[in-house]
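So the structure is just underneath, and the comments pick up after that.
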Amino acid sequence: MTAPSDISTRTVSDLPNVENCHNAPVPPTFSDPLEHRAFLKFRLAQAYRIFGKYGFDEGVAGHITVRDPIRPDCYWVNPWGVHFKLMQPELLLLVDHEGKIQEKESGPSRFLNRAAYMIHSAVHEARPDVICAAHSHTTYAKAFGALGLPLDPITQDSCAFYEDHSLYEFRGIVDDREEGLAIATALGSNKAVILQNHGILVASESIESTVFFFISLEKCCHVQMITNQAAAACGLKPRLIDAENAAKTHIFLDGEGWFNGIPEFQLLEHDEGKRFEYIPAHKENM
């Protein structure tokens, strides 16, 4: 059996947290920038469909962006008003940090979510290390965010966000640049920010890791609410993981985002019967 399309198998010796690294999976690399762009667009559309599968849509709200490998001052985003489950690479919009849709590269529906531009432009500008950022109004994140509390290290999984997420107080719909900049500032160098009374935003170095940590953060919000409710019913307090072990666990999990995200894309490709195939384009599109 061949490896899934999204995994390269190579002999490496420096992968974090992996022993016996012969033929360990690593992210694919590309010598052709157009192929790299095509892969990221394919992957981003998959990410939207995964979000749709999990019910992470809320009307026309929510957005995932990926930095363009050819024009790093631009990012790809969904056209506003198309359901996540219907997203395909050819529909995506290429937008610069000023919110201008790039006519030559973008899909046919030129309807840009203003909030998406305000938030993601600010995040991508402030964080050159961020390749992909995702925001949506998910159920448990909204509920937990209304408490105005950070996540506690109550499980191994929640340690992925230990001292690596922040809170942002709700100040209305994001409709101006200052609000987007404020959210980017609240995110800081963290991988996530809980937007109180709103949702969550996750940003990382790959589409796969962003999808994984977004799903995980939503689950962690759910688990903490269940834990707090059960503890209160029993007259107890949740037992937290101590700071030393939480920090060690965070270091381990932080380096595994891409690999943890891969199974979601494998399953989607299995269910859809659709894998990435590159058809070379004219370099005049660069």
Side-chain angles (χ1 to χ4, degrees), residues 3-10 12 14-19 21 24-30 36 39-40 42-51 53-54 56 62-67 69 75-76 120 123-124 126-136 138 140-141 150-151 153 155-166 187-194 199-223 241 245-269 276:
S5 62
D6 42 25
I7 290 185
S8 298
T9 53
R10 303 174 187 172
V12 294
D14 57 350
L15 283 178
N17 314 322
V18 179
E19 297 180 358
C21 290
V26 295
T29 57
F30 302 89
H36 190 189
F39 177 77
L40 290 179
F42 181 84
R43 205 50 140 188
L44 180 60
Q46 286 184 314
Y48 276 108
R49 299 198 299 275
I50 290 169
F51 270 35
K53 179 186 74 173
Y54 278 101
F56 289 169
H63 17 85
I64 315 171
T65 55
V66 65
R67 190 186 300 274
Y75 56 88
W76 294 93
H120 290 261
V123 169
H124 282 289
R127 292 279 301 277
D129 60 307
V130 166
I131 299 300
C132 178
H135 162 63
S136 197
T138 51
Y140 296 107
L151 280 176
T155 68
Q156 174 177 298
D157 299 316
S158 64
C159 288
F161 305 97
Y162 180 70
E163 297 188 340
D164 199 10
H165 73 289
S166 50
L187 174 66
S189 61
N190 297 321
K191 71 160 64 76
V193 56
I194 296 173
I200 52 176
L201 184 143
V202 173
S204 80
E205 74 286 351
S206 73
I207 297 173
E208 296 86 355
S209 60
T210 294
V211 166
F212 169 72
F213 285 126
F214 191 100
I215 295 171
S216 182
L217 181 54
E218 169 73 354
K219 290 179 178 178
C220 287
C221 289
H222 188 188
V223 168
I241 297 171
N245 281 306
K248 288 180 180 178
T249 305
H250 171 266
I251 292 171
F252 185 100
L253 295 175
D254 192 51
E256 301 294 329
W258 174 82
F259 189 41
N260 272 310
I262 286 297
E264 288 290 345
F265 293 88
Q266 290 175 343
L267 180 59
L268 185 73
E269 292 184 356
F276 176 68

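In what follows, every heavy atom counts, from backbone to side chain, and hydrogens, waters and symmetry copies are set aside. Numbering of residues begins at 1 and proceeds along the displayed sequence. Quantities reported herein were computed from a predicted structural model and do not represent experimental measurements.
For K219, the NZ atom sits in a loose shell: 12 or fewer heavy atoms of surrounding residues, nucleotides or ligands are nearer than 6.0 Å.
Salt bridge status for E264 with R43: absent, with no side-chain N to carboxylate O gap under 4.0 Å.
Here the side chains of F214 and S136 are in contact, with some heavy-atom distance below 4.5 Å. Annotation: side chain of V223 is not in contact with side chain of S158 (no heavy-atom distance under 4.5 Å). Two residues are said to be in side-chain contact when any heavy atoms from C-beta on lie closer than 4.5 Å; C132 and I64 meet this criterion.
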- Task: With side-chain contact (heavy atoms from CB on, under 4.5 Å) as the test, would you mind laying out the steps for I131 and S206 before giving the verdict?
- Result: CA-CA 5 Å; I131 299 300; S206 73; 5.6 Å; no

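The distance from atom CG of L40 to atom OH of Y75, rounded to the nearest 0.5 Å, is 16.0 Å. Here CG of D157 is found 12.5 Å from CD1 of I215. Values are rounded to the nearest 0.5 Å. The CG atom of L217 sits 12.0 Å away from atom OG1 of T210, with the distance rounded to the nearest 0.5 Å. Considering CG of N260 and CG of L253, their distance stands at 7.5 Å, rounded to 0.5 Å. The distance from the CD1 atom of I200 to the SG atom of C221 is 6.0 Å, given to the nearest 0.5 Å. Once rounded to the nearest 0.5 Å, the distance linking CD of E163 with CG of N190 reads 9.5 Å.
For A203 against L187, the heavy-atom pair with the smallest separation is CB-CD2, 4.1 Å. The shortest heavy-atom contact between I241 and C159 is CD1-SG, 3.6 Å. In terms of heavy-atom proximity, G199 sits nearest to A141 at C-CB, 4.3 Å. Taking both residues in full, the closest heavy atoms of G257 and F212 are given as O-CB, 3.8 Å, listed atom of the first, atom of the second, then distance. For the residue pair P28 and W258, the shortest heavy atom distance occurs at CD-CZ2, 4.2 Å. Taking both residues in full, the closest heavy atoms of P25 and F259 are given as CG-CE1, 3.3 Å, listed atom of the first, atom of the second, then distance.
Ring-plane geometry between F51 and F56 is classed as perpendicular, the angle between the planes exceeding 60 degrees on a 0 to 90 degree scale with a lower cut at 30. Relative orientation of the H165 and F161 rings is perpendicular, given thresholds of 30° and 60° on the angle between their planes. Between H63 and H120, the angle of the ring planes goes over 60°, which puts this pair in the perpendicular group of the 30/60° scheme.
Listed for the D254 side chain is no donor-acceptor partner under 3.5 Å among the backbone atoms of H250. A donor-acceptor pair is defined here as one N or O able to donate and one able to accept, closer than 3.5 Å; such a pair exists between the side chain of T249 and the backbone of N245. Side-chain atoms of E205 never come within 3.5 Å of backbone atoms of D129 as a donor-acceptor pair (strictly under, hydrogens ignored). Checking side-chain atoms of R127 against main-chain N and O of S204 turns up no donor-acceptor pair under 3.5 Å.
No side-chain N or O of Q46 forms a donor-acceptor pair with one of R49 less than 3.5 Å apart.
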